[in-house]
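Below: the structure, in structure tokens.
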Amino acid sequence: MTQKIPKLLVKRTSIHGQWSSRWAFILAATGSAVGLGNIWRFPYLTGENGGGAFVLIYLFFVLVVGLPIMMAEIMLGRRGRQSPINTMKTLAEEEGLSHYWQLLGWMGVAAGFIILSYYSVIAGWTLAYIFRTGLGMFVDADAELSTRLFSDLIADPEKLLAWHTTFMMMTILVVARGVKSGLEKAVKFLMPALFILLLVMVGYAMSTEKFMQGIEYLFVPDFDAIAEKNFFSDIMLPAMGQAFFSLSLGMGAIMIYGSYLAQRSSIPWTSVSIALADTSVALLAGVAIFPIVFTYGLEPAGGPGLIFVSLPIAFGQMPFGTFFGCLFFILLMFAGWTSAISLLEPAVTWLVENRSMKRIKATAIAGTIAWSLGLVTVLSFNKWAFSFSFAGQEKENGFFDIFDILTANIMLPLGGLLVAIFAAWLMSTRSTMEELGVGDTLIYRGWRFAVKYIAPVGVIIIFLNAIGIV
Ligand code: PHE
């Protein structure tokens with residue numbers, strides 16, 4: 001991208017390094033975005049929220065709220081070139097605004113810890129399933145056996161703890177070495193491999209009896225199915241939350257990756273590629289899973305175990321299923337790994353900058369905090385389990401669900417809202433135009449309109465509605 005770019009007034013470099021190319025950034029950010037959110041969270045939320053209508057609203061949010069906010073977050077990150085906390089502080093000073101803006105960075109760090117704490121537990125399930133599928137435990141399994149195997153796993157806090165600990169150690173290992181070294185290579189091969197394997201799964205789904213029912217469920221909104229729900233608070237709030245969660249927005253993950261982006265790279269294009277890859281993976285996962293769910297008589301609203309119950313049945317039936325199953329969970333583990341890394345990075349960079357810690361020590365400390373908090377999630381599936389109702393849906397895993405709802409539906413959209421307000425209402429046009437790197441073009445104006453009006457109004461209306469005001 002070598003269009004006319006206004007002369008730079010602000011030149012900073014990150015003490016944590018820089019991506020080797022724009023491509024490296026796209027890969028890393030895609031690695032952050034594509035993860036359990038697409039393959040585990042998207043299908044089970046779609047199932048809990050009645051299918052097509054939820055998917056449609058989710059796509060709407062990705063396009064009109066997520067994409068512009070992603071551009072804003074990358075832009076702020078690149079301009080500040082520090083941990084999100086210090087980036088917000090520096091930029092606020094530069095624009096003559098209150099230093100309280102750094103609280104946005106703090107909220108992101110808090111959200112990152114909470115998300116990572118339960119994310120690691122779920123990623124632990126994928127580790128367990130690598131071995132379970134690889135050992136052929138699902139050969140010819142029916143829905144009943146698969147459901148029982150899953151329930152047995154989550155009922156056992158010791159097993160969950162062991163896998164959670166393993167996964168957190170893997171995350172700490174990579175972050176401690178610096179996210180740039182291994183990440184680029186890993187994502188370059190593993191993301192396409194995951195994509196291809198999802199296509200194989202879609203191929204299998206096509207051969208099942210209820211393929212069309214699955215497709216209709218996903219893509220044809222059925223408003224009768226959600227007639228009892230409140231459209232705003234029960235469907236739109238979780239759909240918005242999923243858009244933020246899946247795109248890794250609102251907590252500084254994309255911001256910190258943006259801070260390693262070279263000055264010349266165009267932010268709009270990179271954002272479009274990331275959002276496109278992320279959304280395709282989620283939709284493919286949906287297409288692969290729902291036909292299986294219907295064919296084997298599973299409950300779409302089965303909750304967080306949905307893919308762990310449904311997909312292994314398919315692996316147990318298809319040719320080379322043991323191989324494909326094992327490979328699938330390995331790739332899913334990698335996808336989760338590259339996301340978990342980005343959840344930890346904002347906190348680690350802050351510790352390095354402000355506490356002059358070595359990266360290794362900073363990562364060990366931050367990782368241990370997230371790991372400890374994860375113990376609550378481990379217990380929320382067994383010893384501490386309790387249920388409550390949210391968005392017209394019975395949630396059965398107490399603290400895990402609370403953490404998930406609090407972060408995805410509240411903290412991330414709130415973070416995104418503040419990013420939008422900061423970037424479009426408070427920063428000078430000159431600064432944003434300079435940083436986005438596309439000049440005063442239609443793209444710039446469209447972006448500015450979206451972050452200035454559409455995104456904030458969308459988030460605010462849904463928030464107000466959810467608490468019963470609008
Ligand atoms: N986007 C990741 C996923 O879909 C999760 C994530 C959320 C990562 C927020 C970073 C920040 O799995």
Side-chain angles (χ1 to χ4, degrees), residues 26-46 58 61-62 66-67 69-70 73-74 77 83-84 104-105 107-126 167 171 174-175 179 183 187 190-191 194-195 198 238-258 271 274-286 304 307 331-349 366 370 403-416 419:
I26 295 185
L27 286 171
T30 308
S32 166
V34 175
L36 301 173
N38 310 58
I39 294 173
W40 156 75
R41 198 174 187 276
F42 171 73
Y44 99 76
L45 283 187
T46 302
Y58 158 73
F61 274 109
V62 168
L67 191 59
I69 290 185
M70 177 178 282
E73 244 194 82
I74 300 175
S83 65
L104 171 56
M107 185 175 70
V109 166
F113 276 127
I114 304 175
I115 297 177
L116 180 57
S117 78
Y118 71 78
Y119 202 86
S120 167
V121 177
I122 312 294
W125 299 355
T126 65
F167 185 81
T171 305
V174 177
V175 178
V179 297
L183 205 56
V187 181
L190 298 169
M191 285 295 145
L194 180 66
F195 204 81
L198 275 174
M240 173 173 79
Q242 175 59 18
F244 277 93
F245 187 93
S246 193
L247 294 170
S248 302
L249 295 177
M251 56 71 61
I254 288 292
M255 194 185 286
I256 190 73
Y257 278 9
S271 304
I274 298 161
L276 208 63
D278 186 64
T279 309
S280 340
V281 172
L283 293 178
L284 274 183
I307 68 154
L331 294 172
L332 183 56
M333 178 269 292
F334 271 107
W337 199 1
T338 53
S339 302
I341 289 165
S342 72
L343 283 161
L344 201 53
E345 185 72 3
V348 169
T349 45
F403 285 167
D404 182 64
I405 291 167
L406 174 73
T407 48
N409 297 344
I410 300 170
M411 294 173 90
L412 300 185
L414 185 61
V419 163

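Indexing begins at 1, ligand by ligand and atom by atom, following the structure's order. Since this is a predicted model, take the numbers as computed values, not measurements. What's counted below: heavy atoms across the whole structure, side chains too, no hydrogens, waters or symmetry copies.
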| query | Are side-chain heavy atoms of L36 and R41 found at a separation under 4.5 Å? | reply | no
| Heavy-atom side-chain contact between V121 and F167 under 4.5 Å | no
| message | Quick one, S32 and T338 - any side-chain contact, counting heavy atoms below 4.5 Å? | response | no
| query | Taking the side chain as C-beta and beyond, is there a heavy-atom pair between L194 and F334 under 4.5 Å? | reply | no
| V175 and E345, any side-chain heavy atoms less than 4.5 Å apart | yes
| query | Less than 4.5 Å apart, any side-chain heavy atom of Y257 and any of S248? | reply | no
| field | Neighbouring protein residues of ligand 1 - any heavy atom closer than 4.0 Å | value | S32, A33, G35, L36, G37, N38, Y119, F245, S246, S248, M251, A253, S339, S342, L343
